[in-house]
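Here's the structure we're looking at; comments come further down.
All values reported here derive from a predicted model rather than from experimental measurement. In what follows, every chain begins at residue 1, and chains take the letters A, B, ... in the order their sequences are listed. Side-chain atoms are counted along with the backbone in the values below, which use heavy atoms only and exclude waters and symmetry mates.
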There are 2 protein chains.
Amino acid sequence: MNTNNSLLGFALLGLLHQHPMSGYDLRKIFASSAMGSFSDSPGAIYPALARLEVQGLIRGKVENSASLRKRRLFKLAPKGVTAFRAWVKRPVRRDDVIRRLGELMLRFAFTDQSLGDRQAALFLKQFEAELAGYIPSLKQYLDTNVSKMPLSGRLALECGIQEYEARLKWARTSLAFYDRRKRNKL
Amino acid sequence: MNTNNSLLGFALLGLLHQHPMSGYDLRKIFASSAMGSFSDSPGAIYPALARLEVQGLIRGKVENSASLRKRRLFKLAPKGVTAFRAWVKRPVRRDDVIRRLGELMLRFAFTDQSLGDRQAALFLKQFEAELAGYIPSLKQYLDTNVSKMPLSGRLALECGIQEYEARLKWARTSLAFYDRRKRNKL
DNA sequence: GTTGCCATGTAAACTGTTACATGATTTC
DNA sequence: GAAATCATGTAACAGTTTACATGGCAAC
């Protein structure tokens, strides 16, 4: 059985990891934004839930307290917990930093809830290292190409670089948070 | 005839707007990264080019200088120029800022090449206004929810906010560039 | 003469979008 | 009893990914 999932699938697993919910609850979370750029359309969420159920990662049960509307409450199956943790734990690759920043941030958002502070700190260290390696190559690309680029192209590229720099700074201050918390616990 | 296009389609139009190229050239540009997060897979690019051609936005001609390999060189048709400019010119909406930042930056990167400095400056003003309106609502969401969130969740959200703030700052300094250039020209 | 890159494309599977459909239950 | 909202889903379509297929040319 294939246990590959789209990003939406993992987002659903992550939310269900917190506590069981219905498809409608999940839609509301996506609709009220602030949480990534996921669609709240039923045509995305219900099929995704169905796939997760077929894979045995979640299970849905119809709640039927007499007076309530029909509502399927989904919760993580043990297999789902394993798959979710494995996803969160994946090493941070250069490729992720370049093409899947959104996925990385989603994984991080779910990290200490599912795997604890140590894994969160580890993630940040890897993330920092990859960023620190990648940023200079972007800068070099900019330097060698400025002359050939229109102003807006140059500015757009600089915007990308500044974004990565902001994230590097963020990773460092965040790491400091975890270090402080660790020291307080000792 | 429908003139709707995916983001990849517009990226292709933008590159072909600079100068005619083959599908393979386009793939190499995407592969050598630095340019957005587009896939360089032939299964994405060749069908996209075919769609653009069917819509009459581009035209492909086989180059056949005797000793060369078969190579289809694509160039923009007049209709393609119009469609591309209309895309670049679209107003910047709140929704774009939330869910389609990548598309916005791509549009901006192509702006002054296709529509000139004035449109680029206009874009930046709209972008700045939308960001300035959106950021406070994110901050408020953070403030009201900090207590219920795990540390990593909070940090991830803060990372998002910092990203938007970096872009706001970028928009303002970029606008200053266009203002300066305008003054120099007068 | 075989390895590897140039250059094109196709096919199947999957995911997400848009739009529609349905029915129950509050609320006014 | 009409309107809004809760709650679930389906169908048609478009686009992407992954993997495969093909053939010419260049280098060794």
Side-chain angles (χ1 to χ4, degrees), chain A residues 1-13 20-32 36-55 57-58 60-74 95-96 99-100 102-103, chain B residues 1-13 20-32 36-55 57-58 60-74 95-96 98-100 102-103 106:
Chain A
M1 168 95 59
N2 233 10
T3 308
N4 279 357
N5 267 306
S6 68
L7 191 51
L8 175 60
F10 286 116
L12 294 172
L13 289 180
M21 288 188 228
S22 70
Y24 194 72
D25 294 333
L26 292 160
R27 282 183 62 201
K28 275 189 299 185
I29 290 176
F30 292 141
S32 75
S37 47
F38 293 100
S39 157
D40 65 332
S41 86
I45 289 174
Y46 290 107
L49 287 169
R51 287 193 297 272
L52 293 172
E53 198 170 19
V54 169
Q55 290 173 57
L57 304 181
I58 63 174
K61 260 188 199 167
V62 179
E63 267 189 341
N64 51 358
S65 354
S67 71
L68 254 56
R69 294 172 186 131
K70 191 181 73 164
R71 226 175 92 90
R72 286 187 71 200
L73 211 64
F74 290 95
D95 202 54
D96 298 324
R99 278 168 218 277
R100 281 178 296 274
E103 176 167 355
Chain B
M1 167 94 60
N2 233 9
T3 307
N4 280 355
N5 266 306
S6 69
L7 190 52
L8 175 59
F10 286 116
L12 295 172
L13 288 181
M21 289 187 227
S22 70
Y24 193 73
D25 293 333
L26 291 160
R27 283 183 61 201
K28 274 189 298 184
I29 290 177
F30 292 141
S32 75
S37 47
F38 294 100
S39 159
D40 66 333
S41 85
I45 289 174
Y46 291 108
L49 287 169
R51 286 193 298 271
L52 293 172
E53 198 170 20
V54 168
Q55 289 174 56
L57 305 181
I58 64 174
K61 260 188 200 166
V62 179
E63 269 189 340
N64 51 358
S65 353
S67 72
L68 253 55
R69 294 173 187 130
K70 192 181 71 165
R71 230 175 90 90
R72 285 187 73 199
L73 211 63
F74 291 94
D95 202 55
D96 297 325
I98 299 176
R99 279 168 216 278
R100 283 180 294 275
E103 176 168 354
L106 188 68

Could you state the atom-to-atom distance from [atom1] of [X] to [atom2] of [N] in whole Å?
| X | N | atom1 | atom2 | result |
| --- | --- | --- | --- | --- |
| A:Phe30 | C:dG16 | CZ | P | 10 Å |
| B:Ile45 | D:dG15 | CD1 | P | 15 Å |
| A:Arg100 | D:dT16 | CZ | C1' | 14 Å |
| A:Glu53 | D:dT8 | CD | C1' | 13 Å |
| A:Leu7 | D:dT16 | CG | C1' | 15 Å |
| B:Arg51 | D:dA14 | CZ | P | 10 Å |
| A:Glu103 | C:dT15 | CD | P | 14 Å |
| B:Asn5 | C:dT17 | CG | P | 17 Å |

Please name the pair of heavy atoms, one in [X] and one in [Y], separated by the smallest distance, quoted to 0.1 Å.
| X | Y | result |
| --- | --- | --- |
| B:Ala48 | B:Leu8 | CB-CD2, 3.9 Å |
| A:Glu53 | A:Gly60 | OE2-N, 3.1 Å |
| A:Ser41 | A:Arg27 | C-NE, 4.4 Å |
| A:Ala11 | A:Phe30 | CB-CZ, 4.2 Å |

Does A:Ser6 have a side-chain nitrogen or oxygen under 4.0 Å from the phosphate oxygens OP1 or OP2 of C:dG16?
-> yes

Any side-chain N or O of B:Ser41 less than 4.0 Å from the OP1 or OP2 oxygen of D:dT18?
-> no

Atom CZ in A:Arg51, atom CG in A:Leu12: separation rounded to 0.5 Å?
->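 The distance works out to 9.0 Å.
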
Interatomic distance, A:Leu52 atom CG to A:Ser6 atom OG [nearest 0.5 angstrom] = 7.5 Å

Between the protein and nucleotides 4-8 of chain C, are there any N/O to N/O pairs under 3.5 Å, and if so, what are the atom names and distances?
| residue | atom | partner | partner atom | Å |
| --- | --- | --- | --- | --- |
| C:dC6 | OP2 | B:Tyr24 | OH | 3.1 |
| C:dC6 | O4' | B:Arg69 | NH1 | 3.2 |
| C:dC6 | O3' | B:Arg69 | NH1 | 2.9 |
| C:dT8 | OP1 | B:Arg72 | N | 2.9 |
| C:dT8 | OP1 | B:Arg72 | O | 3.4 |
| C:dT8 | OP2 | B:Tyr24 | N | 2.6 |
| C:dT8 | OP2 | B:Tyr46 | OH | 3.1 |

Give a yes or no answer on whether the side chain of B:Arg99 reaches the backbone of A:Phe38 with a donor-acceptor pair at less than 3.5 Å.
-> yes

Closest-nucleotide 5' rank along DNA chain D - winner of A:Gly43 and B:Asp40 | A:Gly43

